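Below: one structure, written as structure tokens.
Sequence lines set the chain letters: A, B, ... in the order given, protein chains first and strands last, and positions in each chain run from 1. It should be emphasised that the depicted structure is a prediction, and the values quoted were computed from it without experimental measurement. Only heavy atoms go into these numbers, but all of them, side chains included; no hydrogens, no water, no symmetry mates.
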2 protein chains.
Amino acid sequence: MGQPTLYEVADRAGVSLATASRVLNGSTRTVGEALRLRVMAAAQELHYSANGPAQAMARGHNNTVGLIVSDIADPYFTQIAAGVIEAAEKAGLVVTMGTTGGEPDRELDHLGGFRSQRANGVVIVGSRRHGDRIEPLADHLASYGQHGGRVVLVSQPVGEIPCVEVDNRKLAAELARALVDQGHREFAVLAGPTDLVTSRDRLTGFRNGLRSRQQAVPAENVVHGAFTRAGGHASMTALLGRNRSPGCVFAVNDVMALGAMAAIEEAGLQVGRDVPIAGFDDIPTLADVRPTLSTVRVPLREAGHEAVRLLTEPGGGHVVLSGEVVLRDSTARTD
Amino acid sequence: MGQPTLYEVADRAGVSLATASRVLNGSTRTVGEALRLRVMAAAQELHYSANGPAQAMARGHNNTVGLIVSDIADPYFTQIAAGVIEAAEKAGLVVTMGTTGGEPDRELDHLGGFRSQRANGVVIVGSRRHGDRIEPLADHLASYGQHGGRVVLVSQPVGEIPCVEVDNRKLAAELARALVDQGHREFAVLAGPTDLVTSRDRLTGFRNGLRSRQQAVPAENVVHGAFTRAGGHASMTALLGRNRSPGCVFAVNDVMALGAMAAIEEAGLQVGRDVPIAGFDDIPTLADVRPTLSTVRVPLREAGHEAVRLLTEPGGGHVVLSGEVVLRDSTARTD
DNA sequence: GGTGTGTTGGAAAGCGCTTGCCCAAACTGT
DNA sequence: ACAGTTTGGGCAAGCGCTTTCCAACACACC
């Protein structure tokens, strides 16, 4: 049979339900010391544990934040998730999580689920697509917002919804300039999916950066593909098929760069010397990869913290995080 | 304001609460086609979304499984978590997650939290310690179980509680024999924390395997340290400080092996040729590490699936998963 | 026509908790 | 000593839903 209820605790302590509630589950009202102790003792003896759903119902909200990511096994999401969880636990919130596998529909499903759970808020760290696919999400968000639900997006601004973003364009531009300054003159880009906001921004920023140094990347050297390691591998293989020395390669994220490095080696070429390459994100995995990969360090964990902050603090907001270009061996010029 | 309630839906459809409930939230009772449609339409128009906590309260349980891991950023836990989430979503369950940072107390905190959430079950994937630290957990588990809570442990058997385990001893022994068969004769072990069940088992298994081939690892070559990349790095550095060629190194998990590899390079030595090394787990990161690391492939994701299966299926169980030794370059003999 | 059987709708009793409200007792100040 | 103000306790009304029980009705059968 079931767990002890507050009523039983109150009974055993010889006080009213109200008093027991005030003692055990926080309240502005104070309770006399003697009764307080009696209630605590009773709760102890009975191994009382508050019924969360009941509290949630009575109070009208859970202490829960929903987190939606596309793939929990991808280090990029993992880092952000870790940040969210850290911050949430610090704020006394419980995190419930859903994965989408990149399908926008599943995003909506989970949003609906969290909504019906009456989560305090939802963090969507996203693979938001460009174009009309936004509409359904925006609608849901609006309706959720009207009913008091708070949502924070990570790296995928949609309308006026609070969002924490990375300054992808600026950083990609900085990376481009740094590479030119290192002496690179020919470029290729493994650009991810055409409709993903993040990859578009990074591509655009990279191009802008090159332009400001009077350089450019030829259209045939921009290869689109999945935003994953496999995607990077495939894109790089395709690129090498056309051109064994495509110049300095920019992969719009690190996992793609990793896949590309594997492809380069499989083609019998050497990363860095034959094919310089840079990534983006500075995921922790890079610590163990040789040659060390040039990239842009992005404060992913911090992004998670900020997302929770935005969720818990009143008033919306739009946080833009910056990062830092990190040049390592994979783009070093040896000549 | 606030979200629409079932009552409002019923009202708008001109039926009773009971009927609306039966239509919208599943029931054994059938409802006449005409009313059914009316209710569905009303729900649609109102954007009705069931109130989860209220349902949970009325029904007495959530469709939730709690997941406790020590560090979500560690690829080992990440893989298991991914497996749990996949399986849970398939079973229509929502996963709520907590991290412990390796502190047993936090494990209890989260268990309490999930218990009060009335989660259907809890998966604890663990860094269970050896010795008396088990008691409090076991107590809580027992009390939780008595009240109908289901718990599944991953890789940390405690009493009769359902558990999915990896056959660490057997696999470590196989690895040891494989290394001997490759021609290695001197060994060292980066053995992780002394009191962690998993590291103990792997160490013991490895020793047993060596013994069956008339080999052994000298006591001074067994270095204990944290179960993390940093721990592996530190342990390896210590080992090299005493002995520049310790023989073939077995790190009890891959992340430690990665840290050790970095330490080896920092010491100006070459992984494989100067210091052969093997890990355990076969985390995905290994795909991008050179030289490729010999290890033991463990079906981590599957462990997650099994955990959920054990949770949802009636009757306990104890699943032992096996794995496979994978020899790669880091232990190849070149002479 | 009377009785039995099945089906469908509704009334209402909870589920375990929070909280607004009222009231008695213990204070304060003058 | 008396009104005016805290203070601390209890009552009871919900919160939104599920589910048991009952009523109504339709149909069949003897």
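Interatomic distance, A:Thr198 OG1 to A:Glu165 CD, rounded to the nearest 0.5 Å: 8.5 Å. In this structure, CZ on B:Arg36 lies 10.0 Å from CG on B:Leu24, to the nearest 0.5 angstrom. Rounding to the nearest 0.5 Å places NE2 of B:His47 at 8.0 Å from CZ of A:Arg115.
A straight line from CG of A:Leu35 to C1' of D:dG10 spans 11 Å, rounded to a whole angstrom. The distance between atom CZ of B:Arg36 and atom P of C:dT7, rounded to the nearest whole Å, is 17 Å. Between B:Leu17 atom CG and C:dA11 atom C1' there is a gap of 10 Å when expressed in whole angstrom units. Distance NE2 (A:His61) to C1' (C:dT18): 11 Å, rounded to an integer number of Å. Atom-to-atom, CZ of A:Arg22 to C1' of C:dC17 comes out at 13 Å; the value is rounded to the nearest Å. In this structure, A:Leu24 atom CG and C:dG16 atom P are separated by 16 Å, rounded to whole Å. What separates CD of A:Gln3 from P of C:dC15 is a distance of 15 Å, to the nearest Å. The nearest whole Å value for the distance from the CG atom in A:Asn62 to the P atom in D:dG16 is 14 Å.
If you check D:dC17, D:dT19, C:dC21 against the side chain of B:Leu6, the one that comes closest is D:dC17. Each of C:dG16, D:dT19, D:dC17 was ranked by its minimum atom distance to the side chain of B:Gln55; first place goes to D:dC17. For A:Ala58, taking side-chain heavy atoms from C-beta onward, the closest of the listed nucleotides C:dT18, C:dG10, D:dT18 is C:dT18. Relative to the side chain of B:Tyr48, the nucleotides C:dG10, D:dC17, C:dT18 differ in distance, and D:dC17 lies closest. With C:dT18, D:dC17, D:dA12 as the candidates, the nucleotide lying closest to the side chain of B:Ala54 is D:dC17. The B:Met57 side chain lies nearest to D:dG16 when the options are D:dT18, D:dG16, C:dC21.
For D:dT7, the OP1/OP2 oxygens have no side-chain nitrogen or oxygen of A:Thr30 closer than 4.0 Å. For the OP1/OP2 pair of C:dG16 and a distance below 4.0 Å, the side-chain nitrogens and oxygens of A:Thr5 include no atom meeting the criterion. Side-chain nitrogen and oxygen atoms of A:Asn51 include none within less than 4.0 Å of the OP1 or OP2 phosphate oxygen of C:dC15. Neither OP1 nor OP2 of D:dT18 sits under 4.0 Å from any side-chain N or O of B:Tyr7. The phosphate of C:dT18 (OP1 or OP2) has a side-chain N or O of A:Asn25 nearer than 4.0 angstrom. Between A:Ser16 and D:dG9 there is no side-chain polar atom (N or O) within less than 4.0 angstrom of OP1 or OP2. Taking only side-chain nitrogens and oxygens, B:Thr19 comes nearer than 4.0 Å to OP1 or OP2 of C:dG10.
The shortest distance between side-chain heavy atoms of A:Ile72 and B:Ile72 falls below 4.5 Å.
A side-chain contact (heavy atoms from CB on, under 4.5 Å) with B:Val164 holds for exactly one of B:Val154, B:Ile80, B:Val320; it is B:Val154.
If A:Ala18 and B:Glu33 are placed on DNA chain C by their nearest nucleotide, the residue sitting closer to the 5' end is B:Glu33.
Between the side chain of A:Ser21 and the backbone N or O of A:Leu17, no donor-acceptor pair lies under 3.5 Å.
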